[in-house]
2 protein chains.
Amino acid sequence: MSTIEDVAKLAGLSRTTVSRVINNHPYVSEDKRKLVIEAMNQLGYVPNSSARSLRSQKTDVIALFVPRIMNPFFSQLVESMEMAAAEKGYQLIICQTRYSPEKELNYMNLLKTKQVDGVILASIQNEWKVLEPFLDYGPIVLCNEFDEQANVPSVMLDQAQGGYIATKHLLEQGHRRIAYCQGGTRSNVASHREIGFRRALLEYGIEFEERYAFRDAFSSEDGRRVFHQMMKLSAPPTAVFTGSDEVAAGIVSEAIKCGYSVPEQLAVVGFDNQAITELMEPTITTVHQPVEKMAHKALEVMVEKIRSRKYRRREVYEFPIELIVRESTVSNRLAK
Amino acid sequence: MSTIEDVAKLAGLSRTTVSRVINNHPYVSEDKRKLVIEAMNQLGYVPNSSARSLRSQKTDVIALFVPRIMNPFFSQLVESMEMAAAEKGYQLIICQTRYSPEKELNYMNLLKTKQVDGVILASIQNEWKVLEPFLDYGPIVLCNEFDEQANVPSVMLDQAQGGYIATKHLLEQGHRRIAYCQGGTRSNVASHREIGFRRALLEYGIEFEERYAFRDAFSSEDGRRVFHQMMKLSAPPTAVFTGSDEVAAGIVSEAIKCGYSVPEQLAVVGFDNQAITELMEPTITTVHQPVEKMAHKALEVMVEKIRSRKYRRREVYEFPIELIVRESTVSNRLAK
DNA sequence: CGTGTAAGTGAAATCGTTTTCATATTTGAA
DNA sequence: TTCAAATATGAAAACGATTTCACTTACACG
């Protein structure tokens, strides 16, 4: 475990010069540079990152907060974010809040203790006023989240548009009784989708009916349950918009099992464009979210904020969302 | 951003005493302890982790190497590992090798630069002799991997058993022409499953036929392709063992689409017990891997190795694997 | 009453870098 | 030829904690 001092001695130079070589500072002559590099190789030297961080007051590490990783949406977010980070020479520390405000608050200390240069929140469990004080210790960037109060950058997807285009698609297929199915009421993501959903109905002069709304659907099991709840209604819906492919898959799966035909008797649209939507029979119409683009942008913004140190300003970056039409909303049995 | 010095001054004590309070050392009188704690609260002080790491030569950070996160098996591994780490007061840095030896080698420098206390490899892309030298800088623990050469702890699942019980199940259902379908030949995971597969056949006096083997199936698309390749064979298999639920789902999906009935005309067994196996129609028989247990054990072993500093010894911890029988191998249409 | 041990505290060294500041040399323009 | 700017190097301070070592006081025991 050699130190910069060892390298300096072997090269017959000062620590300063070695440091300059390591950091590509100008003002090092070519011959000394070679001496240093040779000495470093000979000793197998690599700089100690704690020492570096301590002196230069940066860690090149960013913390990413997610509720949990298994959720495919967040898997993809983490995957994309890690790649974006690697590209820029940053490491990513993963923090699973598991929907707990306490855990979230606890992880926030990474910023305070200077273990990370910044925090990207892809999930918010506390009120903003609780999180705000941490801004004294470094930048916070919201990703796929948004808070009215928060005076920080926010990189997000146009969820309202997502709800809108999916619903409009169903309306165009002739449906008039459309159920609304969503989980995670906490998040503004859900509420924005509902705004889009309502806007589409409004355009067609249809009233939003609360009895068609199911706001506690997270898993495929929930989807199965919701299917039965819907079908028990008088004048059951002929189509359903869901905020999750898993829920959509549950609904489709249960419908088929019960002898219903999809989309003829019930059209279903999911959200997220997960792998499963292409595997089900019928395949499921869904809304594709450009997660990778969002992740890259969020990381890019974070890196910029770390550099500039001006991060107490709201900036919103929004990406468009795209409908992918598959069999669960359009009957193409004839074509087969 | 106050330092330990500030706290010491405010409390009218020395840095040493403050440090003792922070680290719960004995030999601090109760009244001084109170003074220190009050001063810390008043200043909102938290110790700087870079300074701590530098002096105490540990970071309380562990690196986890995975090929990629989106793969549900690894999602679950990362999720479980993060929780285990949090429990023990460690942070997790995620490293996606994306199956690249260069990326893996590059991430290994985290150990050399002392940015992490240890590395857990849930994926190995380089020869062991390439990785071995890094042991000079800290412990390496294998998780779900194994290497003949590696003189380090290895926490794994009994993959051979997995291949065995799944295959035996098919044999018990009366199948005699069973296809073998696998991706990732690099990994010993695949080869161990094949060992189990072959052992089961052997017990039934059946010869392993290479023409029934497909070793390049990773995705559901590959599954669709393999389905057609299988069915084109003379005397096509009546059952197929796959090393992945995604592939199994692809096979099932394509079979149904082409008018085949599962399991009557083709029985399919997957691997991983992913969510999708319960959503497909029919549901898919699969092999459940106790990923969470494995992750916890791997982290536990790692923490112990960090403490003891004796980690250049092979130790193998193996967990049993379990078959979950569903509709894709057992006809229960009658029951419906 | 002496003395060995435990309890309590602080000064200073230390961890391994980067940064600041000082200084020497070279270059180029007037 | 002169002198300011650019280039090149090193000594020492700084980053913020923990650890070592030395020292004092209190207490128990023979």
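Sequence lines set the chain letters: A, B, ... in the order given, protein chains first and strands last, and positions in each chain run from 1. All values derive from a computational prediction rather than experimental measurement. Heavy-atom basis, side chains included; hydrogens, waters and symmetry copies ignored.
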Would you say B:Thr113's side chain and A:Ser49's backbone share a donor-acceptor pair under 3.5 angstrom? no
Indicate the atoms forming the closest heavy-atom contact of A:Tyr311 with A:Leu135, along with that distance. OH-O, 2.8 Å
Nucleotide nearest A:Ser14 (side chain, heavy atoms from C-beta), chosen from C:dT17, D:dT18, D:dA11: D:dA11
Do A:Ser100 and A:Glu102 have a side chain donor and acceptor closer than 3.5 Å? yes
Between atom CD in B:Gln57 and atom C1' in D:dT19, what is the gap in whole Å? 12 Å
What's the closest nucleotide to the A:Arg15 side chain, out of C:dT17, D:dG10, D:dA17? C:dT17
Report the distance from atom CD of A:Glu5 to atom P of C:dC15, rounded to the nearest whole Å. 11 Å
Looking for any heavy atom pair under 4.0 Å, which part of the strands does A:Val46 touch: base, sugar-phosphate only, or nothing? sugar-phosphate
Do the charged groups of A:Glu300 and A:Lys293 touch, with an N to O distance under 4.0 Å? no
Within less than 4.0 Å of OP1 or OP2 of C:dG10, is there a side-chain N or O belonging to B:Thr16? no
Is the shortest side-chain N/O distance from A:Thr3 to OP1 or OP2 of C:dG16 below 4.0 Å? no
Is there a side-chain polar atom (N or O) of B:Ser53 under 4.0 Å from OP1 or OP2 of C:dC15? no
Verify the contact: side-chain N or O of A:Ser29 to OP1 or OP2 of D:dT9, cut-off strictly under 4.0 Å; return yes or no. yes
At less than 3.5 Å, do the side-chain atoms of B:Arg55 and the base atoms of D:dT18 form a donor-acceptor pair? yes
Is a donor-acceptor contact shorter than 3.5 angstrom present between the side chain of A:Thr17 and the base of D:dA8? no
For B:Ser56 and B:Gly12, take the nucleotide of DNA chain C holding the closest heavy atom to each; which residue's nucleotide lies nearer the 5' end? B:Gly12
Interatomic distance where CG belongs to A:Leu13 and C1' belongs to D:dA8 [whole Å]: 11 Å
Rounding to a whole Å, what distance do you find between A:Arg52:CZ and C:dT19:C1'? 14 Å
Closest nucleotide among D:dA12, C:dC21, C:dT9 to the B:Val28 side chain: C:dT9
Under 4.0 Å between a side-chain N/O of A:Ser19 and OP1 or OP2 of C:dT18, yes or no? yes
Return the value, rounded to whole Å, for the distance between atom CG of A:Asp31 and atom C1' of D:dT7. 13 Å
Would you mind reading off the distance between A:Tyr27 atom OH and C:dC21 atom C1', rounded to a whole angstrom? 16 Å
Spacing of A:Leu54 atom CG relative to C:dT19 atom P, expressed in whole Å: 12 Å
Between B:Arg307 and B:Glu304, does any NZ, NE, NH1 or NH2 come within less than 4.0 Å of an OD or OE carboxylate oxygen? no
Can a salt bridge be assigned to the pair A:Arg33 and A:Glu30 using a cut-off of 4.0 Å between side-chain N and carboxylate O? yes
Closest approach to the side chain of A:Arg20, judged atom by atom: which nucleotide of C:dC21, C:dT18, C:dA11 is it? C:dC21
Grab the NE2-P distance between B:His25 and C:dG10 for me, whole Å please. 15 Å
Any side-chain N or O of A:Lys32 below 4.0 angstrom from OP1/OP2 of D:dA8? no
Any A:Asn48 side-chain nitrogen or oxygen under 4.0 Å from OP1 or OP2 of C:dC15: no
